[in-house]
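One structure is given here, and the rest of the page talks about it.
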Amino acid sequence: MTSYYQDTISAISTAFGKGAISIIRLSGKDSIEIANTFFSKNLSNLESNTLHFGKILDEEKNIIDTVMLSVLRGPNTYTGEDIIEINAHGGILITRKVFERVLKAGARQAKPGEFTLRAFLNKKIDLTQAEAIEELISANNEASLKAAKKNLEGALFQEIKNFQKELIDIAGILEAWVDFPEEDLEFKSFQDLENDIDQVLNKMQNLSQTYNDGKIIKEGLTLAIIGPPNVGKSSLLNTLLKKDRAIVTNIAGTTRDVLEEFITIRNLSYKIVDTAGIRKTNALIEKEGIARSKKVLKEADINILVLDSTKQINEEEKKLLKLLKNKKFIIAWNKIDLSKPLKEIKHDYIVEISAKQKINIEKLKDLIESISLNNPNIFEEDLLLTNQRHKNALDKAILHLKHVRENLQKISAEFLSFDMRLCLNSLNDIIGFDITEDILSSIFKNFCIGK
Ligand SMILES: Nc1nc2c(ncn2[C@@H]2O[C@H](COP(=O)(O)OP(=O)(O)OP(=O)(O)O)[C@@H](O)[C@H]2O)c(=O)[nH]1
Ligand SMILES: [Mg+2]
């Protein structure tokens, strides 16, 4: 692995597009030497963490751009290596020209996440922190930002280390049983050992359970607005979005296609989907729209079934309720500015609203939030698991530990301590100790370029 990472990498670290400034970054042992070939000032003897005004020159010494350039010497840098950061003018063409010059001078174009990968390989951060950096960048709500920040500070790393510490103590006793089988009880009683294992197991399981909500916090949910025609589905979409996104008319069958938008409600992110009203029809376009509505209903995490308060329930609506039987859904009686619901339906989540007059919209939002999470107190948790890879590895560790626990008095200590090692190895996978190159590249390939 090492020889490949000997070269100096470079990338445009700012987002693609027109901006005031763009940053081109170099990292590697030759960063300063490479920069010397195109910068108007010699950087070799300049101190670390200093900023220099100068020019980027082409091979004929023509000026490409006037820039501010930072010299950051390893090991106290993001990657642990020497870093040069060029603040160039933010135009698309000028940025590309500066970047091309850097590559011509001998740097290699960085792969996605390669700067962070180097930080990890140089032990500036562990793997959970590296992943938290990507989560921090992608966070689109306060809760996922908070979770990412916590992990960046090393909270998950610390927790995994704590589990390992306790497990190593237990493993030590198991190993001692292997070595000195005659004297087993002198080390610790079975009962004590069982209690010790249960304690760690409990903590590991609690952490694993936070993933259900952690994933929702990080990735959001799909929220579908469904119902018969003309009940006010598109009006509700517009009211929630606070903009005139969908066409609203008093003609039943106005919406024919599926409309998708992104929205934050309370602390969570949603993809909100407006659909064609579901009814019996022979009209070709409407029929296709309805088929799509039913597909959306099936795939949504949460459905809002909008019903018209001024109307009696008909057969179509009963069919809709059947379709929703095993799904999470809210019934929103709409148009309550005109009438109280004429009909009663029994359901745990019901709200009476007016999409048009904006009545009880906050109530609906509360309901959406509370139905979204498995544990409504999840925001108070110290640590949230938000990463599928972490969850899988932790569950594997739990499985091995359960095996030890269940067989404590049944099988020989050799087997127990083998399982214990597998458990510790799975925990190692989370923080990235002894991790294979394949796993590493699959993690970092999802990162942004230049990070
Ligand atoms: N009085 C009243 N009228 C409403 C309310 N919500 C929607 N409407 C009216 O009901 C009619 C249908 O509204 P839409 O939002 O287009 O209904 P829809 O469910 O999207 O209809 P389709 O797309 O045809 O399925 C329009 O005339 C709206 O102005 C409400 O809360 N109160
Ligand atoms: Mg509509």
Side-chain angles (χ1 to χ4, degrees), residues 1-16 19-127 129-130 133-134 137 437 440-441 444-445 447-451:
M1 204 185 283
T2 40
S3 69
Y4 182 74
Y5 295 106
Q6 295 283 311
D7 54 1
T8 294
I9 52 172
S10 179
I12 301 167
S13 290
T14 36
F16 181 78
I21 292 170
S22 62
I23 298 176
I24 296 108
R25 212 184 209 183
L26 289 90
S27 177
K29 64 177 173 37
D30 300 327
S31 293
I32 293 171
E33 201 181 304
I34 289 172
N36 271 338
T37 64
F38 57 71
F39 197 54
S40 53
K41 212 192 251 180
N42 190 295
L43 304 164
S44 298
N45 297 317
L46 299 176
E47 273 184 45
S48 183
N49 298 347
T50 52
L51 193 60
H52 308 277
F53 180 71
K55 293 176 176 62
I56 304 290
L57 305 170
D58 70 10
E59 285 143 309
E60 278 83 46
K61 305 283 173 212
N62 300 311
I63 299 168
I64 299 174
D65 195 10
T66 309
V67 303
M68 296 295 287
L69 180 147
S70 321
V71 175
L72 308 156
R73 293 182 190 272
N76 292 325
T77 60
Y78 180 69
T79 57
E81 304 172 329
D82 285 352
I83 287 182
I84 293 288
E85 271 186 13
I86 303 166
N87 288 14
H89 286 96
I92 294 171
L93 186 58
I94 190 110
T95 304
R96 213 178 63 209
K97 287 196 172 201
V98 174
F99 182 52
E100 278 168 3
R101 179 71 183 103
V102 172
L103 296 184
K104 222 176 230 169
R108 168 174 64 78
Q109 183 158 5
K111 296 184 177 152
E114 204 171 355
F115 289 89
T116 309
L117 173 61
R118 289 191 171 194
F120 166 72
L121 291 172
N122 290 324
K123 303 208 172 2
K124 304 295 290 184
I125 48 175
D126 79 295
L127 203 46
Q129 286 171 306
I133 290 167
E134 186 55 19
I137 294 170
E437 195 167 347
L440 271 188
S441 54
F444 283 92
K445 74 171 192 290
F447 273 57
C448 320
I449 299 237
K451 189 73 218 178

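By the side chain to side chain donor-acceptor pair (under 3.5 Å) test, Asn62 is found to be paired with Asp58, residues two or more places apart in sequence or in another chain being considered. When the side chain to side chain contact (heavy atoms under 4.5 Å, CB included) test is applied to Asp30, the partners found at least two apart in sequence or on another chain are Thr8, Glu33, Ile34. Asn87 meets the side chain to side chain contact (heavy atoms under 4.5 Å, CB included) test with Ile21, Ile23, Met68; sequence neighbours excluded. In terms of the side chain to side chain contact (heavy atoms under 4.5 Å, CB included) criterion, residue partners of Asn36 (sequence neighbours excluded) are, by chain and number, Ile32, Asn42, Leu43, Ser44. Applying the salt bridge (Lys or Arg N to Asp or Glu O under 4.0 Å) test to Glu85 and every residue at least two apart in sequence or in another chain returns Arg25. Legend: residues meeting ring pair (Phe, Tyr, Trp, His ring centres under 6.0 Å) with Phe39, ordered by chain and number and at least two apart, are absent. For Thr50, the side chain to side chain donor-acceptor pair (under 3.5 Å) criterion is met by His52, not counting sequence neighbours. By the side chain to side chain contact (heavy atoms under 4.5 Å, CB included) test, Ile137 is found to be paired with Ile133, Glu134, Cys448, Lys451, residues two or more places apart in sequence or in another chain being considered.
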Report the C-alpha separation of Phe99 and Gln109 in whole Å, then their side-chain angles, then the decisive distance to 0.1 Å, and conclude whether the side-chain contact (heavy atoms from CB on, under 4.5 Å) test is met. CA-CA 9 Å; Phe99 182 52; Gln109 183 158 5; 4.0 Å; yes
Quick one, Asp82 with Leu26, criterion side-chain contact (heavy atoms from CB on, under 4.5 Å). Give me CA distance, side-chain angles, the key distance, then yes/no. CA-CA 8 Å; Asp82 285 352; Leu26 289 90; over 6 Å; no
For the pair Asp7 and Arg118, evaluate salt bridge (charged side-chain N to carboxylate O under 4.0 Å, His left out) and give the outcome as yes or no after the intermediate values. CA-CA 11 Å; Asp7 54 1; Arg118 289 191 171 194; 2.9 Å; yes
I would like to know whether Val71 and Ile84 meet side-chain contact (heavy atoms from CB on, under 4.5 Å); could you show each step before the answer? CA-CA 5 Å; Val71 175; Ile84 293 288; 4.1 Å; yes
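For the pair Lys55 and Ser40, the tightest heavy-atom approach, listed with the atom from each and the gap, is N-OG, 2.7 Å. When all heavy atoms of Phe115 and Ala11 are compared, the pair lying nearest together is CE1-CB, 3.8 Å. Shortest non-hydrogen contact noted between Lys111 and Glu114 is N-OE1, 2.7 Å.
Once rounded to the nearest 0.5 Å, the distance linking OG of Ser70 with CG of Leu51 reads 5.0 Å. Distance OG/Ser13 to CD1/Ile24: 8.5 Å, rounded to 0.5 Å. Atom CD1 of Ile125 and atom OH of Tyr78 lie 5.0 Å apart (nearest 0.5 Å). To the nearest 0.5 Å, the span separating CG on Asn49 from CG on Leu72 amounts to 5.5 Å.
The shortest side-chain heavy-atom distance between Phe444 and Leu127 falls under the 4.5 Å cut-off. The shortest distance between side-chain heavy atoms of Ile64 and Leu57 does not fall below 4.5 Å. Under the 4.5 Å side-chain criterion, counting only non-hydrogen atoms from C-beta, Thr116 is not in contact with Phe120.
A donor-acceptor distance shorter than 3.5 angstrom exists from the side chain of Asn122 to the backbone of Thr79, with no hydrogens or angles considered.
Within the structure, salt bridge (Lys or Arg N to Asp or Glu O under 4.0 Å) pairs that include any residue of residues 69-80 do not occur (at least two apart or interchain). Sequence neighbours left out, the pairs with a member in residues 92-107 that pass side chain to side chain donor-acceptor pair (under 3.5 Å) are Ser22-Thr95.
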